[in-house]
Number of protein chains: 2
Amino acid sequence: MSARTKVTLLAGGVGGARMAEGFAGLDDVALTIIGNVGDDDVFHGLWVSPDIDTMTYTLSGLINRTQGWGLSDEGDRALSTLRTLGADTWMFLGDRDFGVHIYRTERLRRGDRRSDIAADIATQLGVTSRILLPTDDRVQTRVHTDAGWLSFQEYFVRDRSRPDVRGLRYDGITEARATAEAIAALATADLIVIAPSNPLLSIAPILGVDGIQATIRSAAAPVVGISPLIGGKALKGPADRVLTSLGHRPDALGVASIYGDMLDAFFVDHTDAGLGSELARLGIRPVVSDILIAEPAAKARLAREILRAGLSTEAQPL
Amino acid sequence: MSARTKVTLLAGGVGGARMAEGFAGLDDVALTIIGNVGDDDVFHGLWVSPDIDTMTYTLSGLINRTQGWGLSDEGDRALSTLRTLGADTWMFLGDRDFGVHIYRTERLRRGDRRSDIAADIATQLGVTSRILLPTDDRVQTRVHTDAGWLSFQEYFVRDRSRPDVRGLRYDGITEARATAEAIAALATADLIVIAPSNPLLSIAPILGVDGIQATIRSAAAPVVGISPLIGGKALKGPADRVLTSLGHRPDALGVASIYGDMLDAFFVDHTDAGLGSELARLGIRPVVSDILIAEPAAKARLAREILRAGLSTEAQPL
């Protein structure tokens, strides 16, 4: 074990980025994030990786904090030109953001690995935590709605998560091979954390990559999750509705059930303390805390609690 | 002959764009421009077409008039992000400009013709004159300097036209096929005009495309050129130095000699009235005028004079 505790965080979405910030703020933690590439899409011929970018922009401090995504001091000149030229511009892409997408696309065209590109972007933007991709292959989350199958961005951005989700699939995931870095980060972690992200839209496209789940299960590190729902409501995004429509309980217990015995402990909000005994019945140690982490101090405090809970004797339920 | 006089203008660079503006401002003229694609280059994986863009931006009124190139109300967020990411950013590309390059590259990737893309961009940006490409094939002007062969943009933008030009070549020009539109625009023109552009850097990559020069020579329309030099000095750009170093006279006569008997008439500045008899000896009718056309009124006035001179009896020297 190194001087710093090695935390490997599976994370997607704004909740995932906030959790990452919490750990990134702890001096005694070496944070590695395995992000979600299922949201990746191509706009105007450019490879856009919204979930990885949200993580990168958050950890670099360049994020637009009001929105929770995109860059601060952003412009829309490139997109407005594309609109004038008749392009479909429902996906907001800022001028600074375009710089990232242009860079990424050019590196990809040159044959560089997607994960090397993501790592280099993060480094150049000043991120000191490691941002890994679960796979260098293409995985695309597809959302089945009454209007047919949509890409994640069509569902989430264009249609504002309004359509009922009838089904999900992760195109390419069966053939996708995990990156050696992601496998190593899980195998050598001191603690594995599943962020308070949407389990089906953000975490499933990571866990579904061949080798990821098996490595988590065989890893020496304890696995701690945090509920993305408080009192059955998603703090951000459509998690509660998606869980319901796909036959899961729209609460912390529903989320924990999806991860099942992969989890050693699961953080739920005080509001959900009543779910503790049911979590324990699933073999998952419940940890009740304040899991609302909008503020920087709250993020660091929760990260510290997760660290403590994860690294303490695991058999002891709260 | 249609109600409007069909003028087909061969043009490149800022001088070419200014001349185009002059004709575009005349209600009784239907203007078709054949532009220069020899300056095209790929930056950050995007296809950039600076000479065609300068023409498009000028005729749409979106040009940055202070610079003479690029768009007004431009930003540099995308480029500064690329710089942060470690990309080579000596070529200034503004945010609005990036929108155009992204659009063009995506259309090209889809297999659209370069000339259709250029025409659509011009139309969408409000240009009513037709902007044609001499060819849909790739032609790249290469500049031989003491530091080796450079692309045009490396020579012109990166190295600010400082290196002495030892030679020029136009890669791909032998294989390039003229577009049907360019051939038709020359064959059916009432007047063919060669703009006050750099003859070797802007006009030669047009004239060199198979079929262009032959069509001009066999066309019914008179051919009128305008000197890009006044008193042996280029108004903008390195034309005088390039002419000298490649063994041409750095003056209006040197330029007219390059075009030779393709020209019926050639406009020179009052300063160069003394060259008239030498032009006449070449079989080219000299027209002495004020060819400095920075102001809108001057552009329209010169365009009108060219129209009159070109369409008057050709044999009559001034």
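Numbered from 1 within each chain, the chains take letters A, B, ... in sequence-line order. Please read all numbers here as calculations on a predicted model, not as lab measurements.
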_Between B:L85, B:V100, B:T81, B:L125, the one whose heavy-atom pairs under 4.5 Å with chain A are most numerous_ =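 So the answer, after comparing B:L85, B:V100, B:T81, B:L125, is B:L85.
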*asked:* I'd like to check A:F98 versus B:I102 (side-chain heavy atoms, cut-off strictly below 4.5 Å). Are they in contact?
replied: yes
Side chain, backbone, both or neither: which part of [X] has an atom under 4.5 Å from a heavy atom of chain A?
X	result
B:T123	neither
B:L46	side chain
B:T105	neither

*For A:R177, does the CZ atom have more than 12 heavy-atom neighbours from other residues, nucleotides or ligands under 6.0 Å away?*
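Counting other residues, nucleotides and ligands, CZ of A:R177 stays at 12 neighbours or fewer.
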*A:F156, CZ: over 12 other non-hydrogen atoms inside 6.0 angstrom*: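 Check fails, neighbour count at 12 or below.
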*Got a sec, which residues hit salt bridge (charged side-chain N to carboxylate O under 4.0 Å, His left out) with B:R109, two or more places apart in sequence or on another chain?*
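B:R109 satisfies salt bridge (charged side-chain N to carboxylate O under 4.0 Å, His left out) with B:E106 once adjacent residues are dropped.
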*Would you check if the side chain of B:R77 reaches a backbone N or O of A:G99 as a donor-acceptor pair within less than 3.5 Å?*
no
*Max heavy-atom pair count under 4.5 Å with chain B, selected residue of A:D76, A:D120, A:L79, A:L82*: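 The candidate making the most pairs under 4.5 Å is A:L82.
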